[in-house]
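See structure below.
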Amino acid sequence: MKAAVIVFPGSNCDHDAVHALREIFSVETHEVWHGDTSLPSDTELVVLPGGFSYGDYLRSGAIARFSPIMDAVQAHAKAGRPTLGICNGFQVLVESHLLPGALLPNRGLKFCCRVIHLKVDGKGSPFTADIGEDEVMTMPVAHHEGRYHADEDTLDRLEGEGLVAFRYCGPDGSRGEAHNPNGSLRDIAGLMNPGGNVLGLMPHPERAVETVLGSADGRRIFESLLAAGRRAA
C-alpha cells in the first residue's frame with residue numbers, strides 16, 4: 001500500500017500519521033503539501049490529519065476545503081479509494097461535502113483534551129471490518145469543534161444505512177452523556193460514506209498505536225484497512 005498524508009498550514013498531527021503508517025505498519029508514505037495539485041502515482045490511501053488548518057479561521061476545515069490538493073483528494077475519494085480524516089481531517093471532509101452534517105463547538109465551548117472510549121457501530125467499511133462490535137477501544141481526543149450535528153432526517157438516514165462508524169461510550173461499552181466528551185448528537189464519534197471508503201472521526205487512532213503512548217487500540221483501524229487491502233489484492 002502507498003499512502004499520502006496531506007499537510008496544511010497549521011497541521012500538527014501529520015507527523016504522527018506518517019510515523020504510524022511508515023514506522024509501525026511499514027506503509028510507503030508521502031507527505032503532500034496543500035499547494036500541490038496531484039497525489040503521488042498509485043496512492044491507495046489518503047489521510048487528512050489533525051491540527052488547525054489555516055488557524056481554524058471562519059470554521060475548522062472551511063478554508064482547507066479550497067486548497068489546491070483537495071480536487072485530487074475529492075477525485076480519490078469519489079473513485080472509491082480509502083480516505084481517512086482524523087479530527088481536523090474529519091472537519092475538512094465535512095466541509096468538502098464528502099461526509100454530511102457539521103462539526104460545531106463543543107458543549108460548554110471548551111477545548112476537550114482527554115482519553116475517551118468508543119465502539120464500532122457500522123461495519124460497512126474496510127477501516128472497521130475486522131473490529132468486533134463489542135470491542136471497546138481507548139483513544140485520545142483533542143478538539144474544540146467536535147460536536148457532530150445534523151438534522152433529524154440526516155441522523156435517521158445515517159443510522160438506517162449503517163453509516164455511523166463509531167460512537168462514544170464508557171469503558172464497559174455503555175452510552176450516555178457522561179461518556180460523550182463534546183455533546184455530539186447520538187454519541188457519534190465517526191462517520192463513513194455510503195461506499196465505506198471515506199471515514200472521518202474525531203478521536204486520534206494515530207496517537208494510539210503503541211503501548212508507550214497509553215493505548216495501542218488505534219492499531220485496530222489501520223490493521224483492519226491493511227487486511228482489507230490484502231484481501232482485495
Side-chain angles (χ1 to χ4, degrees), residues 1-8 10-34 39-53 69 73 76-77 81-93 113-120 122-123 125-133 135-143 146 165-166 168 171 189-192 196-233:
M1 175 175 282
K2 180 187 288 188
V5 176
I6 310 302
V7 183
F8 299 101
S11 293
N12 67 5
C13 300
D14 46 319
H15 293 294
D16 302 79
V18 170
H19 171 78
L21 290 166
R22 187 183 290 164
E23 305 300 330
I24 305 301
F25 300 105
S26 301
V27 172
E28 181 183 344
T29 305
H30 299 262
E31 296 168 89
V32 178
W33 184 236
H34 76 113
L39 299 168
S41 61
D42 301 322
T43 294
E44 296 170 75
L45 168 66
V46 168
V47 178
L48 303 175
F52 305 91
S53 58
I69 194 59
V73 172
H76 178 91
R81 300 186 181 97
T83 306
L84 173 62
I86 303 169
C87 195
N88 187 228
F90 185 10
Q91 295 161 342
V92 175
L93 290 176
C113 183
R114 56 181 275 197
V115 171
I116 56 88
H117 303 283
L118 72 161
K119 288 179 64 175
V120 168
K123 297 289 287 183
S125 168
F127 295 98
T128 61
D130 287 3
I131 305 174
E133 291 186 15
E135 188 172 342
V136 176
M137 296 182 290
T138 301
M139 294 182 205
V141 293
H143 56 256
F166 298 100
Y168 298 111
L191 294 176
M192 54 193 171
N197 64 295
V198 177
L199 172 67
L201 75 166
M202 291 310 297
H204 285 268
E206 84 287 8
R207 292 184 177 179
V209 294
E210 300 170 275
T211 54
V212 70
L213 299 175
S215 171
D217 291 348
R219 296 176 66 102
R220 304 289 288 118
I221 294 173
F222 295 106
E223 288 168 346
S224 182
L225 174 63
L226 293 171
R230 289 191 295 269
R231 288 193 292 268

Main-chain N/O of [Y] paired to [X] side chain as donor or acceptor, under 3.5 Å:
| X | Y | result |
| --- | --- | --- |
| Thr128 | Gly122 | yes |
| Asp14 | Pro49 | no |
| Asn88 | Ser53 | yes |
| His76 | Pro82 | yes |
| Lys2 | Ser41 | yes |
| Arg81 | Glu44 | no |
| Ser224 | Ile221 | no |

Roughly how far, to the nearest 0.5 Å, is the [atom2] atom of [Y] from the [atom1] atom of [X]?
| X | Y | atom1 | atom2 | answer |
| --- | --- | --- | --- | --- |
| Met137 | His117 | CE | NE2 | 12.0 Å |
| Glu135 | Lys119 | CD | NZ | 10.5 Å |
| Phe166 | Leu191 | CZ | CG | 11.0 Å |
| Met202 | Ile86 | CE | CD1 | 11.0 Å |
| Asp217 | Met139 | CG | CE | 6.5 Å |

Exactly one of Leu225, Leu201, Leu93, Val5 clears side chain to side chain contact (heavy atoms under 4.5 Å, CB included) with Leu84, and that residue is Leu201

From the list Leu39, Leu48, Val46, Val7, side chain to side chain contact (heavy atoms under 4.5 Å, CB included) with Ile69 holds only for Leu39

Within-4.5 Å side-chain heavy-atom neighbours: [X] and [Y]:
| X | Y | value |
| --- | --- | --- |
| His204 | Asp16 | no |
| Arg219 | Phe25 | yes |
| Thr43 | Val32 | no |
| Ile116 | Pro203 | yes |

Using every non-hydrogen atom in the two residues, find where [X] and [Y] come nearest and quote the distance to one decimal.
| X | Y | answer |
| --- | --- | --- |
| His143 | Cys87 | CB-SG, 3.9 Å |
| Asn197 | Ala77 | ND2-O, 2.9 Å |
| Glu206 | Ala17 | CG-N, 3.8 Å |
| Lys123 | Ala129 | NZ-O, 3.3 Å |
| Val27 | Ala3 | CG1-CB, 3.9 Å |
| Gly196 | Phe127 | O-CD1, 4.3 Å |

Sequence neighbours excluded, the answer for side-chain hydrogen bond (donor to acceptor under 3.5 Å, both in side chains) partners of Glu210 is His19

I'd like to check the side-chain hydrogen bond (donor to acceptor under 3.5 Å, both in side chains) partners of Asp130; sequence neighbours left out, ordered by chain and number. Arg231

Heavy-atom count around His15 NE2 within 6.0 Å, excluding the residue itself: above 12? no

